[in-house]
Amino acid sequence: MKRLKIPFLYLLSFVLSIGPVVLYFMLNIENYIQTVSDGIKLALGATILMVIVLLKVLGKLKLPSRIYLFGITFLLCYLLASILKDLIIFSLLALIGEILDCICQALIKKAKEDRAIEKAAEKNAQEMAKAFSGRV
């Protein structure tokens with residue numbers, strides 16, 4: 001169970017980070033997708049946004065000029081126009097998700113430190129056992 005603690009905390013961190021936004025979106029999806037073209041635009045916008053966020057997280061997002069930045073901003077605003085009216089709510093929920101993520105990251109850091117201490121103690125105990133058994 002101790003081995004699963006850190007991966008579980010990473011998963012919890014991810015879920016809590018995006019959970020509020022996704023939950024609010026799912027509860028109000030009928031307001032955002034009223035036609036087939038709305039659904040297609042939202043799907044394309046969400047895909048582009050996820051790729052940008054993934055590239056940013058991985059440190060691979062390098063925009064050569066502001067033209068690209070404003071072009072991407074325009075494209076995302078056009079594709080995600082149906083949810084822009086709730087941008088204040090989405091940004092508040094994203095902030096709540098990030099606060100929850102910070103709490104989880106602190107728990108992950110503590111769990112990693114505890115795990116490192118346990119490993120060092122186990123190794124120390126094994127070395128002490130070898131020393132007392134006469135096999136140094």
Side-chain angles (χ1 to χ4, degrees):
M1 186 63 180
K2 287 184 179 183
R3 293 185 136 186
L4 295 177
K5 184 176 182 178
I6 294 173
F8 174 74
L9 285 173
Y10 273 114
L11 180 63
L12 182 66
S13 171
F14 177 73
V15 169
L16 288 177
S17 180
I18 67 166
V21 174
V22 171
L23 181 64
Y24 183 81
F25 178 80
M26 295 307 292
L27 291 173
N28 295 301
I29 197 163
E30 68 275 352
N31 296 333
Y32 307 131
I33 302 176
Q34 296 175 349
T35 64
V36 173
S37 66
D38 287 342
I40 293 170
K41 289 191 320 188
L42 272 177
L44 286 173
T47 303
I48 292 170
L49 193 58
M50 284 189 284
V51 168
I52 290 172
V53 168
L54 180 65
L55 290 174
K56 179 69 176 161
V57 167
L58 295 175
K60 303 290 185 190
L61 183 63
K62 307 273 191 278
L63 295 176
S65 73
R66 290 182 300 192
I67 292 174
Y68 289 108
L69 175 67
F70 291 122
I72 291 170
T73 303
F74 169 76
L75 181 63
L76 285 173
C77 289
Y78 173 74
L79 293 173
L80 302 172
S82 63
I83 64 170
L84 288 181
K85 61 185 173 212
D86 287 340
L87 190 58
I88 293 172
I89 295 170
F90 279 114
S91 62
L92 173 66
L93 294 172
L95 175 63
I96 291 169
E98 284 304 306
I99 291 169
L100 295 173
D101 182 49
C102 286
I103 294 168
C104 281
Q105 290 302 320
L107 293 173
I108 290 169
K109 183 179 177 183
K110 174 87 170 93
K112 283 183 174 181
E113 290 171 356
D114 291 346
R115 183 76 174 141
I117 289 170
E118 286 176 12
K119 282 185 178 181
E122 287 175 9
K123 184 176 180 182
N124 207 7
Q126 289 173 353
E127 289 176 6
M128 292 293 283
K130 284 182 185 178
F132 283 125
S133 68
R135 297 180 291 159
V136 177

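Quick caveat: nothing in here was measured; it's all calculated off a predicted structure.
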K.L.:
Drop me the distance from E98's CD to L93's CG, to the nearest 0.5 angstrom.
P.N.:
12.0 Å
K.L.:
Do N28 and I83 come within less than 4.5 Å of each other through their side chains, counting heavy atoms only?
P.N.:
no
K.L.:
Please determine whether residues I18 and L23 belong to a single hydrophobic cluster, defined as Ile, Leu, Val, Met, Phe, Trp and Tyr linked transitively by side-chain heavy-atom distances below 4.5 Å.
P.N.:
no
K.L.:
CG of L79 to CD1 of I48: how many Å apart, nearest 0.5 Å?
P.N.:
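With rounding to 0.5 Å, CG (L79) is 5.5 Å from CD1 (I48).
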K.L.:
Applying a strict under-4.5 Å side-chain criterion to I, L, V, M, F, W and Y, I'd like to know whether L49 and F70 cluster together.
P.N.:
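L49 and F70: separate clusters.
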K.L.:
Out of curiosity, does I89 fall in the hydrophobic cluster containing M26 (side-chain heavy atoms, cut-off under 4.5 Å, transitive links)?
P.N.:
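Shared cluster, yes.
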K.L.:
Got Q105 and K109 here, is their nearest side-chain heavy-atom distance under 4.5 Å?
P.N.:
no
K.L.:
Within a radius of less than 6.0 Å around CG of L27, do more than 12 heavy atoms belonging to other residues, nucleotides or ligands occur?
P.N.:
yes
K.L.:
Starting from the C-alpha separation in whole Å, work towards a yes-or-no answer on side-chain contact (heavy atoms from CB on, under 4.5 Å) for Q126 and K130.
P.N.:
CA-CA 6 Å; Q126 289 173 353; K130 284 182 185 178; 5.5 Å; no
K.L.:
Indicate the atoms forming the closest heavy-atom contact of Q34 with E30, along with that distance.
P.N.:
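Answer, listing the atom of Q34 first, then E30: CG-O, 3.5 Å.
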K.L.:
For a 4.5 angstrom cut-off between non-hydrogen side-chain atoms, does L42 reach F25?
P.N.:
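When only atoms from C-beta onward are counted, F25 and L42 do touch, with a gap below 4.5 Å.
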K.L.:
Does some side-chain heavy atom of S82 sit less than 4.5 Å from a side-chain heavy atom of I33?
P.N.:
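No, too far: nothing below the 4.5 Å cut-off.
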K.L.:
Can you confirm whether I88 sits close enough to L92 that some side-chain heavy atom of one is under 4.5 Å from a side-chain heavy atom of the other?
P.N.:
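Result no, sub-4.5 Å side-chain heavy-atom pair not found.
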K.L.:
Do the ring planes of Y32 and F90 sit parallel (below 30°), tilted (30 to 60°) or perpendicular (above 60°)?
P.N.:
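Judged by the thresholds at 30° and 60°, the geometry between Y32 and F90 is tilted.
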K.L.:
Looking at OG of S91 and CG of D86, how far apart are the two atoms once the value is rounded to the nearest 0.5 Å?
P.N.:
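Interatomic distance, S91 OG to D86 CG, rounded to 0.5 Å: 10.5 Å.
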K.L.:
Taking all atoms of both residues into account, what is the closest heavy-atom pair of A94 and V21, and its distance?
P.N.:
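Scanning both residues completely, I find the closest heavy atoms to be N-CG2, 3.6 Å.
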K.L.:
Going only through I, L, V, M, F, W and Y residues with side-chain contacts under 4.5 Å, is there a path from I52 to L75?
P.N.:
yes
K.L.:
Has S17 got a side-chain atom pairing as donor or acceptor with S13's backbone, closer than 3.5 angstrom?
P.N.:
no
K.L.:
Any side-chain heavy atom of K41 sitting closer than 4.5 Å to one from L44?
P.N.:
no
K.L.:
How many angstroms lie between atom CD1 of I96 and atom OH of Y24, to the nearest 0.5 angstrom?
P.N.:
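Going from the CD1 atom of I96 to the OH atom of Y24 covers 12.0 Å.
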K.L.:
Minimum heavy-atom separation for L80 and A46, please, with both atom names.
P.N.:
CD2-N, 3.9 Å
K.L.:
For the backbone of L69 and the side chain of T73, can you confirm whether one donor and one acceptor N or O come within less than 3.5 Å of each other?
P.N.:
yes
K.L.:
Write down the atom of K85, the atom of N31, and the distance for their closest heavy-atom approach.
P.N.:
NZ-O, 3.9 Å
K.L.:
If two hydrophobic side chains count as joined below 4.5 Å and joins carry through other members, does V36 share a cluster with Y78?
P.N.:
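Yes, V36 and Y78 fall within the same hydrophobic cluster.
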K.L.:
Could you state the interatomic distance from CG (L4) to CG (L11), rounded to the nearest 0.5 Å?
P.N.:
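L4 atom CG to L11 atom CG measures 11.5 Å (nearest 0.5 Å).
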K.L.:
Which pair of heavy atoms, one from L9 and one from C104, lies closest together, and at what distance?
P.N.:
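For L9 and C104, the tightest heavy-atom pair comes out as O-CB, 4.4 Å.
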K.L.:
How many angstroms lie between atom CG of L100 and atom CG of L95, to the nearest 0.5 angstrom?
P.N.:
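These two atoms lie 9.5 Å from each other.
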